[in-house]
Amino acid sequence: MKYTQGEYRLIRKDNLGQDLYRFVLECPEITAVAAPGQFVHILPKGSTLRRPISICQIDRQAGTLTLVFAVRGEGTAVLADLRAGDYVDMLAPLGHGFTIQPDANRVILMGGGIGVPPMLALAEIYGERATVISGFRSMPAVMLQEEFAKTGAKTILCTDDGTAGLHAMVTEPLLEEIRQEKPDMICACGPTPMLRAIAKIAEEQGIFCEVSMEERMGCGIGACLVCACKMKLANGEIHAAHVCKDGPVFNAKEVAWNG
Amino acid sequence: MKYTQGEYRLIRKDNLGQDLYRFVLECPEITAVAAPGQFVHILPKGSTLRRPISICQIDRQAGTLTLVFAVRGEGTAVLADLRAGDYVDMLAPLGHGFTIQPDANRVILMGGGIGVPPMLALAEIYGERATVISGFRSMPAVMLQEEFAKTGAKTILCTDDGTAGLHAMVTEPLLEEIRQEKPDMICACGPTPMLRAIAKIAEEQGIFCEVSMEERMGCGIGACLVCACKMKLANGEIHAAHVCKDGPVFNAKEVAWNG
Amino acid sequence: MADLSVNVAGVSFKNPIIPASGVFGYGHEYEELFPLSELGGIATKGTTITKRNGNDAPRIAETTGGMLNSVGLQNPGIDAFIKKELPYLMQKDTVILANIAGSTVKECVTIAQQLEQTDVHMIELNISCPNVKQGGMAFGASCAGAESITRAVRKATTKPLVVKLSPNVTNIAEIAKATETAGADALSLINTLLGMRIDIRSRRPILKNNMGGMSGAAIFPIAVRMVWQCANAVRIPIIGMGGVTTGKDAIELMMAGASAVQVGAAIFTDPYAPIRIIREMNQWLDENHIATARELTGSVKPW
Amino acid sequence: MADLSVNVAGVSFKNPIIPASGVFGYGHEYEELFPLSELGGIATKGTTITKRNGNDAPRIAETTGGMLNSVGLQNPGIDAFIKKELPYLMQKDTVILANIAGSTVKECVTIAQQLEQTDVHMIELNISCPNVKQGGMAFGASCAGAESITRAVRKATTKPLVVKLSPNVTNIAEIAKATETAGADALSLINTLLGMRIDIRSRRPILKNNMGGMSGAAIFPIAVRMVWQCANAVRIPIIGMGGVTTGKDAIELMMAGASAVQVGAAIFTDPYAPIRIIREMNQWLDENHIATARELTGSVKPW
Ligand SMILES: Cc1cc2nc3c(=O)[nH]c(=O)nc-3n(C[C@H](O)[C@H](O)[C@H](O)COP(=O)(O)OP(=O)(O)OC[C@H]3O[C@@H](n4cnc5c(N)ncnc54)[C@H](O)[C@@H]3O)c2cc1C
Ligand SMILES: Cc1cc2nc3c(=O)[nH]c(=O)nc-3n(C[C@H](O)[C@H](O)[C@H](O)COP(=O)(O)OP(=O)(O)OC[C@H]3O[C@@H](n4cnc5c(N)ncnc54)[C@H](O)[C@@H]3O)c2cc1C
Ligand SMILES: Cc1cc2nc3c(=O)[nH]c(=O)nc-3n(C[C@H](O)[C@H](O)[C@H](O)COP(=O)(O)O)c2cc1C
Ligand SMILES: Cc1cc2nc3c(=O)[nH]c(=O)nc-3n(C[C@H](O)[C@H](O)[C@H](O)COP(=O)(O)O)c2cc1C
Ligand code: FES
Ligand code: FES
C-alpha cells in the first residue's frame with residue numbers, strides 16, 4: 001500500500017439531498033494510485049479521530065477524487081460546513097479495493113444507501129458490462145442514478161417504500177439478473193444485513209462475490225487493530241482481520257457472517 | 001451589576017503592532033451600561049474558559065466598544081484570527097470600574113503595557129484634566145498615544161529601554177507630576193510590581209488611588225470564587241475578594257500587596 | 001412537552017438539571033440572566049464551620065476540553081450561609097442542596113446539625129474535595145472512611161442525605177456500597193479528577209496549589225463509566241455529573257443510571273448552560289416520542 | 001539544534017519520543033510515511049503467550065478531546081512476535097520496547113524468558129490494561145499485586161524492565177514505590193483511564209466491551225499530575241505518556257519528571273505526530289537557548 005497524508009483542496013461541493021454531500025478534491029498523488037473500493041481517512045477540524053469515506057470516483061486526468069457522504073454525527077457535520085476552496089486533511093488512499101477482472105463479461109454491482117457511491121468507480125471501469133442495482137429507503141435518498149447511467153451500465157433502482165423504482169429489496173432484482181445470465185462477479189457495499197443476504201445468494205449460486213465492510217477505525221492503516229472484522233479461516237478457525245488494511249473489501253465467503 | 005451574554009459583531013479589527021489587536025464591537029446594550037475599568041469576558045471558539053479583556057473605549061452614540069488585546073496563548077490567538085464581520089461571544093460588561101469624580105480638577109492615569117488601553121476610556125471622560133503616563137518595554141510596543149492626545153489629556157510616554165519617550169519607569173514622571181500639582185486621584189492598570197509602587201507613592205502622598213488588578217477567572221461574575229485577590233480589612237484581617245466582582249478596580253489602600 | 005420532573009430520595013425536582021456545587025455560588029449572579037426557578041435545583045458552594053479564604057491564586061487553568069480548579073473551599077462559614085444566603089435561596093422555588101465539607105467528621109456533623117434547623121431540602125456531603133489538605137478526598141478514598149463519615153452525618157440529620165464521591169479511587173462501586181450501607185439516601189458523582197498543568201516558560205505549576213481538580217467535557221466518559229458502575233452496585237438513586245455540556249450528555253448520563261444531573265464547568269463556557277440543557281433535553285425527548293425524563297434512568301442495555 | 005538524546009535505565013535514545021504500545025503496531029505501516037530510525041524508540045503492541053483475537057468490535061469511540069478503545073490485546077502471540085516481527089524491528093536503529101501483557105504472573109514470566117533470548121532493548125511490563133478480564137489492570141490496582149508480578153518478571157530477565165502503571169488507582173505513588181522495591185528499572189505511565197460512552201438512540205454502549213480505555217489530549221493533566229507524583233516518590237526514571245499532542249506537551253511532561261515520552265492517540269489524528277513532536281521540541285529548546293532535552297526532566301519548581 002502506498003498512502004500519503006496532507007491538506008487537499010476542496011474544489012467543488014454539491015448538496016445531493018438532505019444531509020448528503022459530494023466533495024471533489026484535488027489530490028493528484030492520491031488519485032494516481034487510488035483504486036475502486038479504497039477509502040480516504042478524513043480529519044474533521046477539532047476531532048481526535050479521522051472519518052473513513054469510500055472513494056466514489058477517480059479522475060486520473062483531472063487529478064481529482066469524488067467522495068459522497070451523509071451527515072451522521074459531529075465529524076461529518078463539521079465536514080459538511082466546509083466550502084469550496086477550503087483544505088481537507090486526508091490520509092489516503094487506504095485499504096484494499098475490489099478485484100478488477102479486465103476480462104469479465106458481466107459484473108453486478110450492488111449498493112445500499114450510503115454504500116451506493118463506491119459502486120460508481122467500478123461502473124466507470126466496467127461500463128456496459130455492469131449492472132448496477134441500488135437500493136434506498138425512499139425517493140428523497142436516491143442519488144447518483146444519472147452518473148451510473150452515463151457509464152453505460154444497466155441500472156436498476158429499488159426503494160424500500162416504492163416511492164422510486166422497484167418496490168423491492170435489492171436481492172430480488174439480483175436473483176432475476178442471475179437467472180437471466182450468471183455474472184462473473186458480484187461487488188457489494190451497504191448495510192451488513194444486505195451484504196449477508198447477497199453473500200448467501202452468491203455462495204448458493206457459486207458466484208465470486210466481494211463485499212465492502214464497515215467498522216469504526218483508529219489509525220486507518222493497520223497498526224492499531226481497532227477495526228476488527230471476524231473472518232473464517234480455511235481450517236474453520238475464527239480470525240480477527242482488519243477492515244482498514246485487510247479490507248474494506250473482502251471475499252464474501254471468508255467473512256464470518258454470524259461471528 | 002447588569003450584564004448580558006450574546007454574540008456580537010466585530011465591525012472593525014486593527015493590528016496595532018506585533019501580536020497586538022484592536023477590536024471594535026457592535027453591542028449597544030452593553031455599551032449603554034458599560035463604564036471605564038469594567039471588562040468583557042470573551043469566549044474563543046473551542047475554549048472551555050472565557051478571556052477577560054478590559055474595555056478600552058465606550059462609544060454610546062455608535063453603540064460600540066473598543067478592546068485592545070495582546071496574543072499571549074491559545075485563546076487570544078484564536079481571537080486574533082477573527083475577521084471583521086465575524087461574531088464574538090461576550091459576557092459583559094463585568095466588574096466594578098474606576099470611581100468617576102465629575103468635579104476633579106486633576107487626575108493622573110497610569111498605564112503599563114497591556115494595562116494602557118483601559119486608561120483611554122478615562123481620558124475621554126477627564127480630557128484636559130487628565131495626565132496620562134504610559135510605560136512600555138520598548139518602542140515597538142508603544143500604542144494609543146495619538147488617541148490619548150486627541151482627548152486633550154497631557155501625555156507622558158516612558159519606555160524601559162529609552163527607545164521612545166522618557167527612558168524611565170512610570171513612577172519617575174508620576175513623582176514629578178505630583179510635585180507640580182497634587183492630583184485628586186490616581187488611576188492605574190499594569191503589572192503588579194508597577195501597581196504596588198504606585199500604591200506606595202499614593203499612600204505616602206495621601207492621594208486617593210485606584211488600581212485595576214488581574215487574576216485568572218472562571219465565571220467572571222462572582223459565583224465561582226476562582227479569581228481571588230487578597231485584601232486587608234480595616235481590622236487587619238486578610239480577606240479573599242474577587243477580581244471579577246469586587247474588582248477589577250480596587251482602592252489601592254485595601255489591597256494586601258504582600259499577601 | 002415531555003414531563004421532565006424527577007424524584008430523588010423523596011424530593012421532587014421540576015426537571016433533572018442542577019448547577020453543581022462551587023460553580024454557581026448561591027445563585028445571585030445568575031439571576032441577572034435567568035430566573036432560578038427554572039432550575040431543577042441548586043447545589044450550593046461547599047460550606048465549612050468557619051469562614052475560609054481558600055487557596056492562593058491562580059486557582060484555575062485551562063486544559064483540552066476542560067479545566068483545573070484549586071479554589072479550596074472558600075466560603076463564609078455555616079452561620080453566614082444559614083443567615084445570609086439560605087433565606088434568599090429558599091424563596092426561589094427550586095430544590096436547594098446544601099453542600100457541606102468539614103475537615104473532620106465532627107465538623108461535618110456540626111454543620112449537618114445546624115442545617116437540620118433550616119428548610120434546606122437536601123444535604124450533599126462532599127467527601128471528595130481534592131483541593132484541601134485535611135478531610136476532603138481523604139474521607140472518600142477508602143470504604144472505611146466513606147462509611148464512617150456517612151454514618152455519623154446520617155445520625156445528625158433527618159434530611160435526605162446525598163454523599164458526593166471522588167473519582168480518584170481504584171474502585172468507586174465499593175465506596176458507593178459502603179456509603180449506602182451507612183445510610184446515604186442518594187449518591188452524587190463525580191467530583192473532580194486530580195490533575196496538574198505546568199507553565200513551561202517559568203517551569204512553575206500554573207495553579208498556586210500545584211495540583212487541582214479537573215472538570216469539564218474532557219471527563220465526561222469517566223463520569224458515564226462511574227455512574228454506570230455505581231448504579232449497578234447500589235439501590236439508592238444517583239445524581240450524576242462530570243462534563244455535562246449538552247442535553248444529549250445529560251440524557252446519556254441518565255441512561256447510565258443517573259436520576260438527576262449536575263452541571264459544572266459548562267456554565268463557565270455558557271452561563272445559560274443549565275437552561276439550554278433543559279431545553280435540549282425537552283426537544284430530544286419530544287423528537288424521540290419519550291414521554292418522561294424519568295424513564296431514561298438506567299435504561300442503557302449493556303452488551 | 002539542541003541535544004535531544006536521553007538515557008533511560010542505561011539505554012540510550014537518540015530523542016525522547018516513542019510511539020506508545022498499541023497505536024503503532026510493529027511500525028511497518030508508518031514506514032510508508034517516515035523512516036522509523038527518526039524515532040527515539042518504539043513500544044510494540046502488548047504480547048501474550050498465544051495469539052489473541054481481542055474483543056468484539058466496535059472497539060473505538062470518540063470523546064471530547066480524546067477517545068476510548070477496547071481492543072483487548074489482540075496480538076499474534078510471543079512466538080510470532082519473536083520470529084516475524086522482532087528481526088525486522090531490530091534493524092531499524094531505534095530502541096525497541098517489547099510490551100508484554102500476560103494474564104497471569106506465570107505467563108508474564110514465560111514471555112520475559114523468551115524475550116531474554118532476543119536482542120530487544122527493554123521490556124515494558126503492562127500491569128494496567130483495562131480491556132481484559134484477567135490480569136491487566138488487576139495486577140496494577142494494588143501494591144501487593146504490582147510488587148509480586150514485578151518481582152517475578154524481574155527474576156526472569158536481565159533486560160531493563162519498565163513497568164507500565166494504571167491511572168485507575170487511588171494512590172499511584174504507592175504503587176510506583178512498590179514496583180521500584182520489587183526491582184523495576186523504570187516506570188511508564190499512564191495507561192488509559194477507564195471510561196464509557198452510550199449511543200443514546202440505541203441505548204447501547206458504543207463499545208461492544210461496554211467500557212474502554214480513555215486516551216488523548218483530554219487526559220494530559222492527569223498524566224502530568226501522576227508523573228509528578230511518581231517522580232517525587234521513586235528514584236528510577238519515568239517514561240511519561242497520556243495525551244501528549246505537541247512538542248510543548250512533551251516538554252511539560254518531562255518537566256513534571258519524565259525522562260522520555262510516549263505518544264499514543266495523537267498518532268490517529270496526525271500520523272506524523274511523533275516526528276512533528278520531535279521537531280517542535282527541538283525548536284522550543286533552541287528558541288529558549290536550552291542545550292539538552294535531558295535537563296528538562298523533573299525541572300518544575302512546585303510552589
Ligand atoms: C471503509 C468505510 C467506508 C465508508 N464510506 C462512507 C461513504 O462513502 N460515505 C459515508 O457517508 N459514510 C461512509 N462510511 C461511514 C462513515 O465513516 C461514518 O458515517 C462516519 O465516520 C460517521 O462520522 P460522524 O462524525 O458523522 O459520527 P460520530 O458519531 O461523531 O463519529 C464518532 C466516531 O465513530 C466513527 N463512526 C461512527 N459511525 C461509523 C460508521 N458507520 N462506520 C465507521 N465509523 C463510524 C467515526 O468515524 C468517529 O470515529 C464508511 C465507513 C467505512 C468504515
Ligand atoms: C480584568 C482583566 C482585564 C484584562 N484586560 C486585558 C486587556 O485589555 N488586554 C489584554 O491583552 N489582556 C488583558 N487581560 C489579560 C488577558 O485576560 C490574558 O492575557 C488572556 O486571558 C490570556 O489568554 P490566552 O488565551 O492568550 O492564554 P492561555 O494561557 O491560553 O489562557 C489559559 C487560561 O488562563 C487565563 N489567563 C492566562 N493569562 C492570564 C492573565 N494574565 N490574566 C488573566 N487570565 C489569564 C486565560 O483567561 C485562560 O482562562 C486582562 C485580564 C484581566 C483579569
Ligand atoms: C470552580 C469549581 C469549584 C468547585 N467547588 C466545589 C465545592 O465546593 N464542593 C463540591 O462538592 N464540588 C465542587 N466542585 C466540583 C463540581 O461540583 C463538580 O463535581 C465537578 O466540577 C464536575 O462537574 P463538571 O465537569 O460539570 O464541572 C467545584 C468545581 C469547580 C469547577
Ligand atoms: C488503540 C490503543 C491500543 C492500546 N494498546 C495497548 C497495549 O497493547 N499495551 C499497553 O501497554 N498500552 C496500550 N495502549 C495504551 C497506550 O500505550 C497509552 O498508554 C495510552 O493510550 C495513553 O497515551 P495517549 O493518551 O497518548 O494515547 C493502547 C492505547 C490505544 C489508544
Ligand atoms: S483502524 Fe487501525 S488497524 Fe484498522
Ligand atoms: S471568576 Fe468566578 S468569582 Fe471571579
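Quick note on labels: first sequence line is chain A, next is B, and so on, each numbered from 1. All values below were derived from every heavy atom in this structure, side-chain atoms included, with hydrogens, water molecules and symmetry-related copies excluded.
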Least distance between heavy atoms, C/L33 atom then B/Y3 atom = CD2-O, 3.8 Å
Roughly how far, to the nearest 0.5 Å, is CD1 of C/I60 from OG1 of B/T48?
-> 9.5 Å
With a 4.5 angstrom heavy-atom cut-off, which part of B/L225 approaches chain C: side chain, backbone, both or neither?
-> both
Should the heavy atoms of other residues, nucleotides or ligands under 6.0 Å from CE of B/M213 be counted, would the total exceed 12?
-> yes
So, for B/A223 and C/V23, which heavy atoms are closest and what is the spacing to 0.1 Å?
-> CB-O, 3.8 Å
Non-hydrogen atoms of C/P58 and B/R216 that approach each other most closely | CB-CD, 3.9 Å
Assess whether atom CD of B/E74 is packed by more than 12 heavy atoms of other residues, nucleotides or ligands within 6.0 Å.
-> no
All heavy atoms of B/A228 vs all of C/A57, minimum pair found to be O-CB, 3.5 Å
From C/H28 atom NE2 to B/I221 atom CD1, the distance as rounded to the nearest 0.5 Å | 11.5 Å
How many angstroms lie between SG in B/C224 and CD in C/Q74, if you round to the nearest 0.5 Å?
-> 10.0 Å
Between C/E62 and B/S47, what is the shortest heavy-atom contact and its length?
-> OE2-CB, 3.3 Å
Might you confirm whether atom NZ of C/K92 has over 12 heavy atoms from other residues, nucleotides or ligands at distances under 6.0 Å?
-> yes
Is B/R60 atom CZ crowded by more than 12 heavy atoms from other residues, nucleotides or ligands, each under 6.0 Å away?
-> yes
May I ask you to name which of B/G75, B/C227, B/G222, B/G73 has the most heavy-atom pairs under 4.5 Å with chain C?
-> B/G222
Run the numbers on B/H41 and C/F268 for side-chain contact (heavy atoms from CB on, under 4.5 Å), then give the verdict.
-> CA-CA 10 Å; B/H41 215 22; C/F268 296 166; over 6 Å; no
Are the side chain of C/N69 and the backbone of B/V226 linked by a donor-acceptor contact shorter than 3.5 Å?
-> no
When every non-hydrogen atom of B/R50 is compared with those of C/D270, the smallest separation belongs to NH2-CA, 4.3 Å
Do B/E237 and C/K51 have side chains that get closer than 4.5 Å, going by heavy atoms?
-> yes
Under 4.5 Å from any heavy atom of chain C - which part of B/L43 | side chain
Take atom CE of C/M90 as the centre, draw a 6.0 Å sphere, and report whether it contains more than 12 heavy atoms from other residues, nucleotides or ligands.
-> yes
Measuring heavy-atom distances to chain C, does B/E214 have an atom under 4.5 Å in its side chain, in its backbone, in both, or in neither?
-> neither
Would a 4.5 Å heavy-atom cut-off, applied to side chains only, mark C/D56 and B/K230 as touching?
-> yes
Value for CZ (C/F24) from SG (B/C219), rounded to nearest 0.5 Å, stands at 10.5 Å
Please flag which part of C/Y26 lies under 4.5 Å from any non-hydrogen atom of chain B: side chain, backbone, both or neither.
-> neither
